[in-house]
Amino acid sequence: MSEILIAAPSAATSAAGGPAAPSADPRVVLSARDVSVRFGGLTAVDAVSLDVRERELVGVIGPNGAGKTTFFHTLSGVLAPTEGQLLVSGDDLTGAPAHRFAMHGVARTFQTPRVFREMSARENVQFGLDHAGRGRPHAHDAFDDARSILAFLGLGSFAETPAGALTPSRQRLLEIGMALGARPRALLLDEVAAGLTEAEIESTAQLIRRLRDDLGLAVIWIEHAVRVLMDCVERVVVLHQGRKMADGTPAEVARDPAVIEAYLGQEVA
Ligand SMILES: Nc1ncnc2c1ncn2[C@@H]1O[C@H](COP(=O)(O)OP(=O)(O)OP(=O)(O)O)[C@@H](O)[C@H]1O
Ligand SMILES: [Mg+2]
């Protein structure tokens, strides 16, 4: 990866000084409070707190094994935290199953895309509309229809193509379409640009902005393509060895000495 980040001495945004102290702010759609996940003796997520507000676009970065995906699992109810609390729009869903998180408006993609390969692209999105999104109004009326979701994603001409026949990049878009079918308020994207060309990664970043700008979603985006992510989001959270190492604007995080030493320094090399 050819990431270039300019280090400059300045105030760092450490986890302690970052802007993510949990609060009763009604605009907070998703709130993790001191969330830890342990697998036997391994602490994969270590007392991470994060508040994500309506229409916020947050990037999550960190080295392999930092706990990013495991943290997403807790934010979406796939995995109950060993310790800590999860609130969705102010409701305590700690320990609730994933479908309850979905009914509360949290949708996600998976690091390995999970599409129904034998079904058409349209049927995949329809599945999202019929199941996770059932009974929930969408912010956009047009999004009650699978074809309009596919058109938004640039997949309009692939509506009847079996998902398994789509390119990997289009399968990733389709998974976003399935998540949109759930009519979310908050969308969690786990490496939706992994394995894509640089041009595809750029267009994925543009799409992610439209998810927020046009659909009004809160978006949390895990990605290893640090430069593209930093250019796209307005807030970056750095996870390192399960802990939240930094939380601030891309500019603040890029010049945080602890982040440079532990993570970005390797990326620049
Ligand atoms: N089900 C599990 N059982 C045991 N250990 C696990 C399990 N899931 C994850 N881990 C471990 O937890 C740590 C965090 O893993 P996680 O997948 O959350 O990292 P990540 O930041 O998403 O990494 P990557 O960038 O490679 O996707 C790793 O050490 C991983 O091996
Ligand atoms: Mg991961």
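Just follow the structure's listing: the first ligand is 1, and inside any ligand the first atom is 1.
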Subject >> Ring-face cation of Arg210 near Phe152 (centre distance under 6.0 Å, axis angle within 45°) >> reply: yes
**OP:** Output yes when the distance from some N or O of ligand 1 to some N or O of Gly67 is under 3.5 Å, and no in every other case.
**Re:** yes
Original post:
Which protein non-hydrogen atom lies closest to atom 29 (O) of ligand 1, naming both residue and atom, and how far is it?
Top reply: Leu42 CD2, 3.6 Å
**OP:** Under 4.0 Å from a heavy atom of Gln111: give me the atoms of ligand 1 that qualify, with their elements.
**Re:** 27 (O)
**OP:** Mark up the atoms of ligand 1 that fall under 4.0 Å of a heavy atom belonging to Asn64, in ascending order.
**Re:** 23 (O), 24 (P), 25 (O), 26 (O)
**OP:** Say whether, by atom type as modelled, one donor and one acceptor occur between the side chain of Ser76 and the main chain of Arg108 under 3.5 angstrom.
**Re:** no
Original post:
If we only count N/O pairs under 3.5 Å, is Phe71 in contact with ligand 1?
Top reply: no
**OP:** Evaluate the 4.0 Å heavy atom contact test for atom 31 (O) of ligand 1: does a protein atom fall under the cut-off?
**Re:** no
Original post:
Of all the atoms in ligand 1, which lie at a distance below 4.0 Å from a heavy atom belonging to Ala66?
Top reply: 19 (O), 20 (P), 21 (O)
Original post:
Taking both backbone and side chain into account, is any N, O or S atom of Thr69 nearer than 2.8 Å to the Mg ion (ligand 2)?
Top reply: yes
Original post:
atom 9 (C) of ligand 1: which protein heavy atom is closest, and how many Å away?
Top reply: Phe39 CE1, 3.5 Å
Original post:
Are Arg38 and Glu83 close enough, and set up right, to give a salt bridge (Lys or Arg N to Asp or Glu O under 4.0 Å), and what steps lead you there?
Top reply: CA-CA 9 Å; Arg38 275 186 276 283; Glu83 283 164 24; 2.3 Å; yes
Original post:
Within the distance-only criterion (no hydrogens, no angle test), does the side chain of Glu175 pair as donor or acceptor with the backbone N or O of Phe110 below 3.5 angstrom?
Top reply: yes
Subject >> Option whose closest heavy atom lies nearest to atom 25 (O) of ligand 1, chosen from Arg38, His240, Lys68, Gln241 >> reply: Lys68
**OP:** Tell me, please: is His73 in heavy-atom contact with ligand 1, that is, under 4.0 Å?
**Re:** no
**OP:** Classify the side-chain pair Gln85/Thr94 by whether it contains a donor and acceptor separated by less than 3.5 Å.
**Re:** no
Original post:
For ligand 1, which atoms have a heavy atom of Glu191 less than 4.0 angstrom away?
Top reply: 25 (O), 27 (O)
Subject >> the Mg ion (ligand 2) reached by Asn64 (N, O or S, under 2.8 Å) >> reply: no
Original post:
For atom 22 (O) of ligand 1, which candidate among Ile222, Val37, Thr69 provides the closest heavy atom?
Top reply: Thr69
**OP:** For residues Ile149 and Ile176, determine if any side-chain heavy atom of one lies less than 4.5 Å from a side-chain heavy atom of the other.
**Re:** no
**OP:** Report the C-alpha distance between Phe39 and Thr70 in whole Å, list the side-chain angles of each, state the deciding distance to 0.1 Å, and finish with yes or no for side-chain contact (heavy atoms from CB on, under 4.5 Å).
**Re:** CA-CA 10 Å; Phe39 298 114; Thr70 306; 3.9 Å; yes
Original post:
If only atom types and distance count, is the side chain of Thr109 paired as donor or acceptor with the main-chain N or O of Asp190 below 3.5 Å?
Top reply: yes
Original post:
Just checking, any donor-acceptor pair under 3.5 angstrom between side chains of Ser89 and Arg185?
Top reply: yes
Original post:
Is there any N or O on Gly65 that sits under 3.5 Å from an N or O of ligand 1?
Top reply: yes
Subject >> Check: Gly62 main-chain N/O paired with Lys68 side-chain donor or acceptor under 3.5 Å >> reply: yes
Original post:
Atoms of ligand 1 less than 4.0 Å from Thr70 heavy atoms?
Top reply: 9 (C), 14 (C), 15 (O), 16 (P), 18 (O)
